[in-house]
Amino acid sequence: MSRLIVVSNRVNPPTGKGEESVGGLAMALAAALREYSGIWFGWSGKIAPEFTGQIQMQRTEGVTVATIDLEEADYQEYYNGFANKTLWPLCHYRIDLAEYDRAFGEGYDRVNCRFAETLRPLIEPDDIIWVHDYHLIPLGRELRRLGVKNRIGFFLHVPWPAHQLVATLPRHRELVQSLFDYDLVGFQTEENLQAFEEYVAAEVSGDKLSGGRLRAFGRTLKVGAFPIGIDAPEFAQIVRSPRARRMHDIMSAHTVFRSLIVGVDRLDYSKGLEERFLGFDRFLADNPDLRREVLMLQVAPVSREGVEAYQEIRARLDALSGRINGEYADMDWNPIRYVNRNYRRDELAGLYRAARVGLVTPLRDGMNLVAKEFIAAQNPDDPGVLVLSRFAGAAHQLKEALLVNPNSADEISEALKRALSMDQQERIRRWRALFENVSREDVTAWRDSFVHALADVKERRTALAS
Ligand code: ADQ
């Protein structure tokens with residue numbers, strides 16, 4: 001079997017079962033590598049006074065990681081800049097927040113070159129290279145420039161937006177052209193894949209060929225939808241762990257006469273937190289008789305604090321949760337509990353299990369693994385109900401959830417009411433279908449389908465990118 005080289009912006013391997021609070025992408029990549037011999041390459045998260053290209057190698061939990069430090073200008077222009085201030089808002093349909101700064105574009109190209117040059121000596125002829133996410137779109141092009149002829153695949157974890165949105169990005173053609181230096185490009189959903197195909201047809205007069213291939217810029221590229229999942233067996237194990245049980249018991253004791261509604265997200269404008277709070281506010285206003293029977297717990301650790309839009313949303317959420325609590329709270333009860341910290345994965349598992357409703361309402365989301373974790377954590381005999389945004393990639397698989405438009409306070413309010421009054425039989429019926437999907441289409445299935453599709457690419461590259 002070929003070696004697998006996984007490349008992502010941050011390399012953040014888990015250190016032990018359920019103990020850490022690493023995000024969904026890190027868990028998925030660690031799981032992807034565990035069964036393949038290979039390397040996980042990327043940024044250490046550290047800033048050096050000057051970029052040296054020196055690689056730190058270490059082995060943790062069966063995974064070999066190779067990391068490099070970046071310098072301050074890289075961090076500001078590539079990471080905070082083009083990745084988080086330009087591409088992230090664009091991919092999440094927030095062109096009002098997207099900043100187009102020439103220095104960001106230059107920093108983005110520079111770091112992608114640095115990644116390619118540092119990675120190059122580690123690549124052996126039979127390796128399969130798998131590049132992840134919007135930070136590293138041009139990495140394939142840079143590797144080709146250095147003469148790498150290996151199979152290289154790219155997976156986009158965030159949505160590929162509609163054609164007209166992509167066209168608002170300066171140098172969008174160049175960015176899309178660089179995707180054609182890969183052998184395989186994967187998206188989370190068929191909808192994202194179609195949006196990409198539409199862009200290629202409309203903007204660069206590309207052709208759709210048979211066998212899931214596209215032709216443009218004088219090259220052929222294989223494309224596909226590969227919905228990411230959670231590590232279902234691992235999650236089933238941590239749900240039964242002592243920490244998970246303890247958290248479950250604590251939260252159950254706190255909500256003895258109430259139903260717990262839970263939200264767990266990074267604090268990000270794409271996650272629809274303001275709209276969610278307003279939906280809950282509407283629920284409280286419309287259902288005076290149910291008010292004291294619920295508690296909404298929103299866990300939202302701050303992220304990307306160096307970006308202004310994140311500071312602003314944080315301030316707005318503080319004000320909104322305070323306003324709602326001020327309006328409805330009583331001496332012994334607050335409707336919203338809003339917590340800005342990280343929790344261990346085993347604690348989150350226990351929290352999900354104690355909840356009657358999982359409220360997952362992003363405005364846009366590539367997939368959303370919290371929705372899947374919530375399902376995996378439920379008690380089969382008395383499961384909670386998932387209320388899920390129709391704009392999360394997960395909605396394409398988790399059809400038995402209560403699907404809502406996250407922009408509509410009325411729809412969120414009505415879905416909450418329905419979820420809270422749903423009888424046990426219907427809850428069990430819906431949950432079984434959801435659980436079957438989460439277990440079957442898990443992270444192993446995702447990894448294998450992508451790696452097999454990449455390994456299947458027949459023709460190896462002979463020509464270098466121009
Ligand atoms: P994210 O935007 O980070 O991921 P998501 O898929 O929900 O979103 O993953 C978040 C992960 O972080 C989950 O595993 C969750 O348990 C964890 N997490 C969230 N809040 C936490 C907290 N307070 N403490 C500890 N852990 C917490 C991006 C894309 C998604 C896509 C994934 C994977 O934006 O759309 O699903 O990558 O492809």
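In each ligand, atom 1 is the first atom listed, and ligand 1 is the first ligand listed.
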Between [X] and [Y], is there a side-chain N and carboxylate O pair less than 4.0 Å apart?
X	Y	result
Lys372	Asp442	no
Asp101	Lys85	no
Glu373	Arg345	yes

Taking only heavy atoms of [X], which atoms of ligand 1 are found under 4.0 Å from at least one of them?
X	value
Gln188	31 (C), 38 (O)
Val264	19 (C), 20 (N), 21 (C)
Trp88	34 (O)
Val370	7 (O), 15 (C)
Arg341	23 (N)
Gly366	35 (O)

Proximity of [X] to ligand 1 by residue part, where a heavy atom lies under 4.0 Å:
X	result
Ile230	neither
Lys271	side chain
Ile228	side chain
Val299	side chain

Asp265 side chain to Gln298 side chain, donor-acceptor N/O pair below 3.5 angstrom: yes
Would Arg344 count as a contact of ligand 1 if the rule is a heavy atom under 4.0 Å away? no
Is the shortest distance from a heavy atom of Phe374 to ligand 1 less than 4.0 Å? no
With side-chain hydrogen bond (donor to acceptor under 3.5 Å, both in side chains) as the test, would you mind laying out the steps for Tyr310 and Asp268 before giving the verdict? CA-CA 7 Å; Tyr310 288 76; Asp268 191 296; 2.7 Å; yes
Using the ring of each side chain (for Trp, its six-membered ring), is Trp160 parallel, tilted or perpendicular to Tyr199, with breaks at 30° and 60°? perpendicular
Test item: Gln378 side-chain N/O and Gly384 main-chain N/O as donor-acceptor pair under 3.5 Å: yes
Using only atom types and a distance under 3.5 Å, with no angle test, would you say the side chain of His452 pairs donor to acceptor with the backbone of Asp448? yes
Does an N or O anywhere in His92 fall below 3.5 Å from an N or O of ligand 1? no
If you measure every N or O of Leu369 against every N or O of ligand 1, does any of those distances drop under 3.5 Å? yes
Heavy-atom pair with the smallest gap, counting every atom of Ala355 and Val262: CB-CG1, 3.6 Å
For atom 27 (C) of ligand 1, state which one of Asp265, Leu348, Leu267 supplies the nearest heavy atom. Leu348
Let me see the working for Asp346 and Arg240 under salt bridge (charged side-chain N to carboxylate O under 4.0 Å, His left out), right down to the final yes or no. CA-CA 9 Å; Asp346 44 11; Arg240 292 192 297 267; over 6 Å; no
